[in-house]
Peer 1: 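Supplied in structure tokens, the structure appears directly below.
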Amino acid sequence: MEMTIRPRRLRSDPVLRKMVRETRMDPSSLIYPAFVAEGIRQAQEIPSMPGQMRHTIDSLLHLTEEYLKAGVSKMMLFGIPAEKDEVGSGAYAENGIVQQAMRALKERFPEMYLIGDVCMCEYTSHGHCGILCGHDVDNDKTLKYLADIALSQVQAGADMVAPSDMMDGRIAAIRRRLDENGYVDKPIMSYAVKYASSFYGPFRDAADSAPAFGDRKTYQMDYHNVREGLKEAELDIREGADIIMVKPAVAYGDVITKVRELVNVPVAAYSVSGEYAMVKAAAAAGWIDEDSIVSEMATSCFRAGADIYLSYYAKKIAGYMKEGRIG
Ligand code: PBG
């Protein structure tokens, strides 16, 4: 049969297949999200996220050493305070759990790049991401608190802050506060394109942060929308965001691609707790192969246009990259 163009030619052996790969990744783009809890004596496994822990500062130090060895040198920290209150005091306390963890980590492992998640929901008694006014979150009142959180994290050693609250104007408020305090060089990674998603279910178990009433739909985005996400991304860049994040990742490839086409800043994709839990559960049942599914999910985000990938599987993914399975 006469055929000049045969796509299979370039797939005929592994060396060739690797040479013509269109998507290239390496462990320097990976961020591992970790939980650190106050008032526990030992790390506790999170039931809905097998293999992920609520850490003590000690166990987090051990983990950090392990992750650095594995080639993962960026970590995002979430805190779980012993006490929660109406105004989320634990989030910006000088001696809050995240602030303590950051000081300890920076002292032992200055080479670990630390990112602080800036939000209130893990710290408020009502579980919402801001200060309440009746049954609604008061956007403008919340901004000052978010700036307080960001500043306290940077003062404790955070290399970057990542606001995940979805209040309007928070990037400007945080940028101004950091600049006024001399932290002009600390970047902001904005969870700009964050959807109201059921994929966060296991995280809310982990952080005990499910809203006590209502939901987050007045601040997180409706998943029917993509243009709204582009508007959020543009606004945040105008306010000073250095990196734009899309979240969740796996069901949102189209959003990652559209954001990538619009903006000229790095784009991050966050593969969230529900994505992790689903893979873990199916793998435990023997229905899927965990290593290949995780490789494929990560690669799909980079292929969609992400420059940075946040995943609870970061260490495994770094391993796949080193083996040459992906990357
Ligand atoms: C805090 C925050 C959440 C996640 C990251 N930051 C929870 C939420 O918005 O309810 C979710 C991360 C995950 O599910 O892995 N606002």
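Counting convention: from 1, in listed order, for ligands and their atoms alike. Residue indices begin at 1 and follow the sequence shown. Only heavy atoms go into these numbers, but all of them, side chains included; no hydrogens, no water, no symmetry mates. Model, not experiment: these values are computed from the prediction.
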Peer 1: Quick test: of every protein heavy atom, which one is nearest to atom 1 (C) of ligand 1, and how far off is it to 0.1 Å?
Peer 2: Ser164 OG, 3.3 Å
Peer 1: Look at atom 14 (O) of ligand 1 and say which protein heavy atom is nearest, naming residue and atom and giving the distance to 0.1 Å.
Peer 2: Ser273 OG, 2.6 Å
Peer 1: Salt bridge or not between Asp254 and Lys258? Use side-chain N to carboxylate O under 4.0 Å.
Peer 2: no
Peer 1: Does a donor on one side chain and an acceptor on the other come within less than 3.5 Å for Ser28 and Asp26?
Peer 2: yes
Peer 1: With sequence neighbours excluded, tell me which residues meet side chain to side chain donor-acceptor pair (under 3.5 Å) with Lys74.
Peer 2: none
Peer 1: If we count only N and O atoms by modelled type, under 3.5 Å, do the side chains of Asp165 and Tyr219 hold a donor and an acceptor together?
Peer 2: no
Peer 1: Is ligand 1 less than 4.0 angstrom away from at least one heavy atom of Arg216?
Peer 2: yes
Peer 1: Just checking, is any N or O donor in the side chain of His128 or Thr124 under 3.5 Å from an acceptor N or O on the other one?
Peer 2: no
Peer 1: Which residues pass the ring-ring contact (aromatic ring centres under 6.0 Å, His included) test with Tyr313, not counting sequence neighbours?
Peer 2: Tyr276
Peer 1: Should you measure from each heavy atom of Asp117, which atoms of ligand 1 turn up under 4.0 Å away?
Peer 2: 6 (N)
Peer 1: Do any heavy atoms of Lys194 fall under 4.0 Å from ligand 1?
Peer 2: yes
Peer 1: Just checking, is any N or O donor in the side chain of Asp117 or Ser164 under 3.5 Å from an acceptor N or O on the other one?
Peer 2: yes
Peer 1: Measure the distances from the heavy atoms of Met120 to every atom of ligand 1 and state whether one is below 4.0 angstrom.
Peer 2: no
Peer 1: What residue and heavy atom of the protein are closest to atom 12 (C) of ligand 1, and at what distance?
Peer 2: Phe203 CD1, 3.4 Å
Peer 1: So is Tyr276 close enough to ligand 1, meaning a heavy atom under 4.0 angstrom away?
Peer 2: no
Peer 1: Under 3.5 Å between any N/O of Glu122 and any N/O of ligand 1: does that happen in this structure?
Peer 2: no
Peer 1: Number the atoms of ligand 1 from 1 as they appear, then name those within less than 4.0 Å of a heavy atom of Cys121, with their elements.
Peer 2: 1 (C), 16 (N)
Peer 1: Which of the atoms in ligand 1, numbered in the order shown and given with their element, are less than 4.0 Å from a heavy-atom of Tyr270?
Peer 2: 12 (C), 15 (O)
Peer 1: Looking only at the side chains, is there a donor atom on one of Asn139 and Thr142 sitting less than 3.5 Å from an acceptor on the other?
Peer 2: no
Peer 1: How far is atom 5 (C) of ligand 1 from the closest protein heavy atom, and which atom is that?
Peer 2: Lys247 NZ, 2.7 Å
Peer 1: What protein heavy atom lies closest to atom 15 (O) of ligand 1? Include the residue and the distance to one decimal.
Peer 2: Tyr312 OH, 2.5 Å
Peer 1: I want to check a possible cation-pi pair here: Lys280 against Tyr312, using under 6.0 Å from ring centre and within 45° of the ring axis as the test.
Peer 2: no
